[in-house]
Peer 1: 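Pasting a structure below so you can have a look.
Order of appearance sets the numbers: ligands from 1, and atoms from 1 within every ligand. All of these numbers come straight from a predicted model, not from anything done at the bench.
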Amino acid sequence: MADQVVDVVIAGGGPAGLSAALVLGRSLRRVVLIDEGKPRNAVTRLSHGFLTRDGTEPEQLRMLAREELRRYETVDLRHDTIVSVERAADGQFRSLTKEGQAVTSRMLVFATGMKEKLPHWEGLSDVYGRSVFPCPYCDGWELRDAPLALLGNCSDGNLLAHIQLIRTWSRDLVVCTDGAAKLNAEEREQLHERGISLYEQPIAALLSSDGQLTHIELADGQRIARRGAFLTNTGAYEATDIPRQLGVHLEPRGVYQTGNHGLTRLPGLYIIGDAKHAFTGVAGAVSEGYEAGVAINHALSIEDW
Ligand SMILES: Cc1cc2nc3c(=O)[nH]c(=O)nc-3n(C[C@H](O)[C@H](O)[C@H](O)COP(=O)(O)OP(=O)(O)OC[C@H]3O[C@@H](n4cnc5c(N)ncnc54)[C@H](O)[C@@H]3O)c2cc1C
């Protein structure tokens with residue numbers, strides 16, 4: 001039996017993919033959204049900073065979006081994983097899933113997000129998403145004026161900018177770089193002038209109670225009492241390799257190369273959300289889904305003319 005052919009397959013049902021599905025559903029497009037259901041922010045209790053839903057459980061946000069999408073009968077939501085994609089001579093995409101399904105589509109969107117490879121500090125998994133976070137815009141306000149730490153170095157040599165950013169939320173700040181800090185003498189002096197202690201010893205462990213960070217333990221045994229921390233780097237990498245197999249290049253910073261509206265060098269293949277930008281936040285992901293959805297519908301309407 002021939003595969004079902006739809007207008008768009010969307011891989012990933014986070015805010016980016018769901019938002020694209022909404023625009024496309026409202027454009028009467030036949031959409032199959034396939035989501036593995038393992039988003040990067042699942043570790044966090046509450047998601048902040050998205051208008052009208054500030055302080056909502058991440059899964060609740062996705063559930064509300066899925067509920068809204070049920071109204072659009074041309075949108076089919078499936079819980080599955082896309083494991084490979086074949087591109088036919090006519091440019092259509094044939095997506096194969098873990099459950100053995102095949103769906104052929106005119107356009108394909110990857111909204112598959114990133115995964116994390118966190119530093120190997122003992123105790124980090126107990127506090128990550130609870131009192132130690134990747135993004136101060138997401139969780140800085142809840143930790144305002146608390147004793148904070150910035151943990152890690154910056155691969156891009158932009159450590160000072162990171163420190164300046166975190167200081168927005170608290171003046172009680174220390175920096176633990178887990179190795180020689182990528183700071184010059186003048187930058188070190190600036191930290192000193194502002195009372196920001198710098199610890200360059202390796203980090204041994206993060207001590208906590210019920211997810212609440214209490215101390216940072218250094219390899220020399222020193223313990224620094226802290227109530228919250230931010231990471232300079234979570235080791236994020238693309239959740240799926242499929243776009244690369246299809247010929248999309250990875251940029252040096254580890255995200256896929258895309259042009260306007262997330263369109264890649266392959267006609268009909270779009271990449272949006274964290275998969276495109278590494279960290280968009282929920283609002284940014286929703287915006288990207290909307291933008292790509294509009295662009296895709298325009299392209300399809302011209303094809304259909
Ligand atoms: C700890 C933490 C806390 C955060 N807190 C906030 C916050 O408070 N506010 C905020 O705005 N942002 C926050 N973020 C960032 C936010 O979660 C992301 O920017 C946003 O979710 C990106 O949306 P997305 O749709 O691109 O990807 P995701 O939300 O990651 O969704 C991607 C989806 O694609 C699925 N998938 C992956 N591969 C496949 C495949 N092959 N087939 C099918 N499905 C697949 C995944 O399982 C996942 O469900 C936080 C992130 C982290 C890590």
Side-chain angles (χ1 to χ4, degrees), residues 9-22 32-63 65-66 77-85 95-99 101 103 108-118 124-125 127-143 211 228-231 233-246 255-256 258 262 270-292:
V9 161
I10 300 173
L18 290 163
S19 169
L22 181 59
V32 175
L33 182 149
I34 299 172
D35 182 37
E36 184 183 31
K38 291 183 186 158
R40 179 185 188 183
N41 65 352
V43 292
T44 201
R45 284 181 193 157
L46 297 176
S47 176
H48 299 104
F50 184 51
L51 212 61
T52 77
R53 291 282 182 266
D54 185 32
T56 305
E57 288 172 22
E59 180 46 35
Q60 169 84 353
L61 260 177
R62 283 187 291 273
M63 198 265 289
R66 288 195 298 266
L77 303 179
R78 300 184 188 173
H79 185 215
D80 202 345
T81 306
I82 297 184
V83 289
S84 66
V85 173
S95 302
L96 304 168
T97 75
K98 202 171 168 182
E99 301 290 331
Q101 303 286 313
V103 191
L108 176 61
V109 179
F110 277 90
T112 39
M114 306 285 274
K115 292 191 188 302
E116 324 271 12
K117 191 164 184 288
L118 294 172
L124 176 55
S125 59
V127 288
Y128 186 60
R130 304 181 80 182
S131 52
V132 174
F133 300 97
C135 161
Y137 295 104
C138 304
D139 296 284
W141 191 85
E142 283 64 33
L143 290 169
F230 291 92
L231 304 180
N233 191 343
T234 63
Y237 63 97
E238 291 288 347
T240 177
D241 193 34
I242 299 171
R244 203 185 54 76
Q245 292 168 23
L246 289 169
V255 293
Y256 286 117
T258 53
Y270 292 75
I271 301 180
I272 58 173
D274 275 8
K276 174 180 164 191
H277 282 302
F279 203 109
T280 56
V282 173
V286 167
S287 156
E288 296 231 324
Y290 182 83
E291 188 185 325

Peer 1: In Å and rounded to the nearest 0.5 Å, what is the OG to CG distance from Ser125 to Leu118?
Peer 2: 8.5 Å
Peer 1: Need the ligand 1 atom indices (1-based, order shown) with element for anything under 4.0 Å from a heavy-atom of Asp80.
Peer 2: 43 (C)
Peer 1: Between Asp35 and Arg78 (salt bridge meaning N to carboxylate O under 4.0 Å), is one present in this structure?
Peer 2: no
Peer 1: Any idea which protein heavy atom is nearest atom 4 (C) of ligand 1, and the distance to it?
Peer 2: Asn41 CB, 4.0 Å
Peer 1: Provide, to 0.1 Å, the distance between atom 34 (O) of ligand 1 and the closest protein heavy atom, together with that atom's residue and name.
Peer 2: Gly12 CA, 3.2 Å
Peer 1: Please list, in number order, the atoms of ligand 1 under 4.0 Å from a heavy atom of Val43.
Peer 2: 1 (C)
Peer 1: What atoms of ligand 1 come within less than 4.0 Å of a heavy atom belonging to Val282?
Peer 2: 10 (C), 11 (O), 12 (N)
Peer 1: Look only at interatomic distance and state if Pro134 has a nitrogen or oxygen under 3.5 Å from any nitrogen or oxygen of ligand 1.
Peer 2: no
Peer 1: Under 3.5 Å, is there a donor-acceptor pair between the side chain of His48 and the main chain of Cys138?
Peer 2: yes
Peer 1: Does ligand 1 have any atom sitting under 4.0 Å from a heavy atom of Phe133?
Peer 2: no
Peer 1: Find the distance between CG (Leu108) and CG (Leu246) and round it off to the nearest 0.5 Å.
Peer 2: 7.5 Å
Peer 1: Hey, could you give me the CD/OG distance between Glu57 and Ser47, rounded to the nearest 0.5 Å?
Peer 2: 10.5 Å
Peer 1: Please state which option from Ser19, Ala285, Ala20 has its nearest heavy atom closest to atom 23 (O) of ligand 1.
Peer 2: Ala285
Peer 1: Would you say the side chains of His79 and Glu99 form a donor-acceptor pair under 3.5 Å?
Peer 2: no
Peer 1: Suppose we measure from atom 37 (C) of ligand 1 to each protein heavy atom; which comes out shortest, and what is that distance?
Peer 2: Thr112 O, 3.3 Å
Peer 1: Can you name the atoms of ligand 1, numbered from 1 with element, that are less than 4.0 Å from a heavy atom of Thr81?
Peer 2: 40 (C), 41 (N), 42 (N), 43 (C)
Peer 1: Does Thr81 reach the main-chain N or O of Val83 with its side chain, forming a donor-acceptor pair under 3.5 Å?
Peer 2: no
Peer 1: Measure the spacing between OG1 of Thr56 and CE of Met63 and express it to the nearest 0.5 Å.
Peer 2: 10.5 Å
Peer 1: Quick check: does Met114 get an N/O under 3.5 Å from an N/O on ligand 1?
Peer 2: no
Peer 1: Do me a favour and list the nearest non-hydrogen protein atom to atom 35 (C) of ligand 1 with residue, atom name and distance?
Peer 2: Asp35 OD1, 3.2 Å
Peer 1: For the OH atom of Tyr128 and the CG atom of Leu231, what is their distance to the nearest 0.5 Å?
Peer 2: 6.0 Å
Peer 1: Quick one: nearest non-hydrogen protein atom to atom 25 (O) of ligand 1, plus distance?
Peer 2: Ala16 N, 3.0 Å
Peer 1: Note the single closest protein heavy atom to atom 45 (C) of ligand 1, along with its residue, its atom name and the distance in Å.
Peer 2: Glu36 CB, 3.6 Å
Peer 1: Tell me whether Asp274 has any N or O atom under 3.5 angstrom from an N or O of ligand 1.
Peer 2: yes
Peer 1: Using a 4.0 Å cut-off to any heavy atom of Ala111, which atoms of ligand 1 qualify?
Peer 2: 32 (C), 33 (C), 34 (O)
Peer 1: Identify, by atom number and element, the atoms of ligand 1 in contact range of Glu116, meaning under 4.0 Å from any of its heavy atoms.
Peer 2: 53 (C)
Peer 1: Give a yes or no on whether Tyr290 atom OH has more than 12 heavy-atom contacts from other residues, nucleotides or ligands under 6.0 Å away.
Peer 2: no
Peer 1: Of all the non-hydrogen atoms in the protein, which one sits nearest to atom 9 (N) of ligand 1, and at what distance?
Peer 2: His48 O, 2.7 Å
Peer 1: Below 4.0 Å from any atom of ligand 1, is there a heavy atom belonging to Tyr137?
Peer 2: no
Peer 1: I'd like to check which ligand 1 atoms, numbered from 1 as shown, lie under 4.0 Å from a non-hydrogen atom of Gly273.
Peer 2: 26 (O)
Peer 1: Checking a contact table here: which protein heavy atom is nearest atom 47 (O) of ligand 1, and how many Å away?
Peer 2: Lys38 N, 2.7 Å
Peer 1: Minimum distance, heavy atoms only, to atom 3 (C) of ligand 1: which one of Ile34, Thr44, Leu33 is it?
Peer 2: Thr44
Peer 1: Tell me whether Glu59 at atom CD has more than 12 heavy atoms from other residues, nucleotides or ligands lying less than 6.0 Å away.
Peer 2: yes
Peer 1: Measure the CD1-CD distance between Ile271 and Glu238 for me, rounded to the nearest 0.5 Å.
Peer 2: 6.5 Å
Peer 1: Can a non-hydrogen atom of Ile242 be found less than 4.0 Å from any atom of ligand 1?
Peer 2: no
Peer 1: Does the distance from a Lys or Arg side-chain N to an Asp or Glu carboxylate O, for Glu288 and Lys276, drop under 4.0 Å?
Peer 2: yes
Peer 1: Ligand 1 and Pro15, any nitrogen or oxygen pair closer than 3.5 angstrom?
Peer 2: yes
Peer 1: Is the count of non-hydrogen atoms from other residues, nucleotides or ligands lying under 6.0 Å from Tyr137 atom OH greater than 12?
Peer 2: no
